[in-house]
Student: 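Here it is, the structure in full.
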Amino acid sequence: MNIAPRSYPLFMPDGSGDLARIGLIYIASSVVMEEEMWAMSAPGVSTHTARIRLPKVTVEGIEEMMNAPELETAARHAAAAPIDVLCFGGTSASFLHGTAYDKALIRKIEGWTPGPKVTTASTATLAALAQVGAGKVALATPYVGAIHDRAIRFLTENGHEVVKGAHLDITDDHALAEVSIEQVYDHVLSVDHPDATAIFISCTNFRSVAGIAALEKELGKPVISAIQASFWHCLHLAGAKGAKPGYGRLFAGYEADV
C-alpha cells in the first residue's frame with residue numbers, strides 16, 4: 001500500500017544550527033560578539049556561549065581571568081553541547097603574551113574538549129589577514145596603551161608590521177560596548193595609512209561589523225575585525241558557507257544564498 005508523503009506548511013526560521021554550531025567562550029560582562037555573530041549568521045548557523053569573568057580590561061585583569069579555574073569550566077560546558085567549532089572569544093587575552101601563548105591556549109582547550117575544532121580570536125585574526133593577503137597593517141583598538149602595544153607586538157611577530165595605530169584607553173568592559181559604530185568608523189579612518197594593506201580592529205566587545213563594508217568602500221582595502229575574523233574562521237573550520245552577505249571581503253566564498 002502506497003502512502004502519500006505528508007504535506008507540511010512553511011515553517012519560520014528558528015535559529016537551528018543545522019549547518020554549523022559554534023561554541024563560544026566569552027567574557028561574562030560583554031555583549032557585542034554574540035550580537036554581531038548572530039547578525040552575520042545565515043540560517044543554519046548558531047552560536048552557543050559559556051562565560052568567564054573579566055575583572056578589568058587591563059593586563060592584570062586579563063591575567064587574572066586567564067589564570068582562573070573557570071576558564072576550564074567554561075570550555076567544558078561549551079563543549080558539552082554538540083558543537084562543531086569552539087572559539088575562545090578574547091582577542092587581548094589570547095595575544096597578551098605572544099604567539100606561543102596563543103598556540104598553547106588552543107592546545108590547552110583541545111585537551112579539555114576533545115571533539116570540536118578549536119580557535120581563538122587571535123589565531124582567527126592571523127588566518128583572516130592571510131586570507132585577504134595582508135602585509136603591513138594599521139591598527140584600531142579601544143585598549144589602554146599597554147594592551148595596544150602588545151597587539152602591535154603580536155601582529156609584528158607574525159609578519160604584519162603596524163604602520164599606524166590608535167587606541168581609546170578604555171578599561172571598563174561595559175564602556176567598550178557603548179562606543180557607537182559611528183565612533184568606531186571615525187576611529188578606523190583615523191588610522192589609515194598609504195602603506196597599510198589592511199586595517200585590523202581589535203577587541204571582541206567593540207562594535208565593528210556594521211561598518212566594515214562601508215569602511216572597505218571608503219578606504220579601498222580589506223578591513224578585518226576580531227569578531228568578523230573569529231566568525232569567519234569558525235565557518236572555515238566547520239566547512240560551512242554560513243555568512244549573510246554584506247560583512248566584508250573576508251567572506252568571499254563563505255556567503256550563503258539567502
Side-chain angles (χ1 to χ4, degrees), residues 13-52 54 70-95 102 105-129 131 177 201-210 212 224-248 250-258:
D14 63 359
S16 175
D18 299 328
L19 187 61
R21 289 193 178 99
I22 299 170
L24 177 64
I25 303 169
Y26 194 40
I27 315 306
S29 51
S30 298
V31 294
V32 174
M33 189 172 191
E34 291 161 310
E35 295 171 346
E36 293 197 339
M37 287 177 70
W38 279 104
M40 291 184 285
S41 294
V45 178
S46 59
T47 298
H48 309 271
T49 309
R51 291 180 174 268
I52 54 177
L54 174 64
E70 63 184 18
L71 174 59
E72 178 180 354
T73 301
R76 291 186 184 278
H77 284 176
I83 57 173
D84 301 295
V85 185
L86 179 56
C87 177
F88 176 79
T91 327
S92 57
S94 47
F95 71 55
D102 182 48
L105 176 61
I106 289 178
R107 291 194 298 271
K108 184 187 295 185
I109 295 172
E110 287 173 338
W112 294 332
T113 62
K117 297 177 180 178
V118 177
T119 188
T120 69
S122 293
T123 286
T125 292
L126 296 179
L129 290 172
Q131 178 74 5
I201 309 168
S202 191
C203 185
T204 55
N205 200 32
F206 190 54
R207 301 197 180 279
S208 62
V209 303
I212 286 177
I224 302 298
S225 83
I227 296 174
Q228 174 217 38
S230 295
F231 180 65
W232 167 81
H233 201 221
C234 287
L235 294 182
H236 175 73
L237 293 174
K241 288 179 59 177
K244 289 179 183 173
Y247 291 100
L250 176 62
F251 290 106
Y254 289 86
E255 293 179 346
D257 297 324
V258 295

Student: Got Phe95 and Thr125 here, is their nearest side-chain heavy-atom distance under 4.5 Å?
Tutor: no
Student: Report yes if the side chains of Met37 and Tyr26 come closer than 4.5 Å at any heavy-atom pair, otherwise no.
Tutor: no
Student: Can you name the nearest heavy-atom pair linking Ile25 to Leu71, along with the distance?
Tutor: CG2-CD1, 4.3 Å
Student: Check step by step if side-chain contact (heavy atoms from CB on, under 4.5 Å) holds for Phe231 and Ser41.
Tutor: CA-CA 9 Å; Phe231 180 65; Ser41 294; 3.4 Å; yes
Student: Can you check side-chain contact (heavy atoms from CB on, under 4.5 Å) on Ile212 and Ile227, steps first, answer last?
Tutor: CA-CA 11 Å; Ile212 286 177; Ile227 296 174; over 6 Å; no
Student: Does any part of the side chain of Thr113, heavy atoms only, come nearer than 4.5 Å to the side chain of Ile83, both counted from C-beta?
Tutor: no
Student: Over all heavy atoms of both residues, which pair between Phe251 and Ala243 is shortest? Give the atoms and the distance, please.
Tutor: CD2-CB, 3.6 Å
Student: To the closest 0.5 Å, what do you measure between CG (Leu19) and NZ (Lys241)?
Tutor: 10.0 Å
Student: Under the criterion side-chain contact (heavy atoms from CB on, under 4.5 Å), I'd like the reasoning laid out for Thr49 against Met33: C-alpha separation, chi angles, the key distance, then a yes or no.
Tutor: CA-CA 10 Å; Thr49 309; Met33 189 172 191; over 6 Å; no
Student: Give me the atom names and distance for the closest heavy-atom approach of Ala79 to Pro116.
Tutor: CB-CG, 4.3 Å
Student: Determine whether Val32 and Phe206 make a side-chain contact, defined as any pair of heavy atoms from C-beta on separated by less than 4.5 Å.
Tutor: no
Student: Mind jotting down which residue pairs meet the side chain to side chain donor-acceptor pair (under 3.5 Å) criterion with at least one end in residues 114-123? Sequence neighbours excluded, please.
Tutor: Ser94-Ser122, Asp102-Thr120, Asp102-Thr123, Thr119-His233, Thr120-Thr123
Student: So does Gly44 get a backbone contact from the side chain of Asp18, meaning a donor-acceptor N/O pair under 3.5 Å?
Tutor: no
Student: Check Ala20 against Asp84 and note the closest heavy-atom contact, atom names and distance.
Tutor: CA-OD2, 3.4 Å
Student: Quick one: are Val31 and Asn205 in side-chain contact, heavy atoms under 4.5 Å?
Tutor: yes
Student: Would you check, one step at a time, whether the test side-chain contact (heavy atoms from CB on, under 4.5 Å) holds for Ser225 with Val209?
Tutor: CA-CA 7 Å; Ser225 83; Val209 303; 4.2 Å; yes
Student: So which heavy atom on Ser46 is nearest to which on Arg21, and how close?
Tutor: OG-CG, 3.5 Å
Student: Not counting sequence neighbours, list each pair that qualifies as a salt bridge (Lys or Arg N to Asp or Glu O under 4.0 Å) and has a residue in residues 31-44.
Tutor: Glu34-Arg51, Glu35-Arg207
Student: Taking all heavy atoms of Ala229 and all of Ala128, pick out the closest pair and write down the distance.
Tutor: CB-CB, 3.7 Å
Student: Which residues pass the salt bridge (charged side-chain N to carboxylate O under 4.0 Å, His left out) test with Glu110, not counting sequence neighbours?
Tutor: none
Student: To the nearest 0.5 Å, what is the distance between CG on Leu129 and CD1 on Ile224?
Tutor: 6.0 Å
Student: Enter the distance from Ile22:CD1 to Cys234:SG here, rounded to the nearest 0.5 Å.
Tutor: 4.5 Å
Student: Report yes if some heavy atom in the side chain of Ile52 is under 4.5 Å from a heavy atom in the side chain of Phe88; otherwise report no.
Tutor: yes
Student: For the residue pair Leu235 and Trp232, establish whether any side-chain heavy-atom pair is separated by less than 4.5 Å.
Tutor: no
Student: Can you measure from NE2 (His236) to OH (Tyr254) and round to the nearest 0.5 angstrom?
Tutor: 4.5 Å
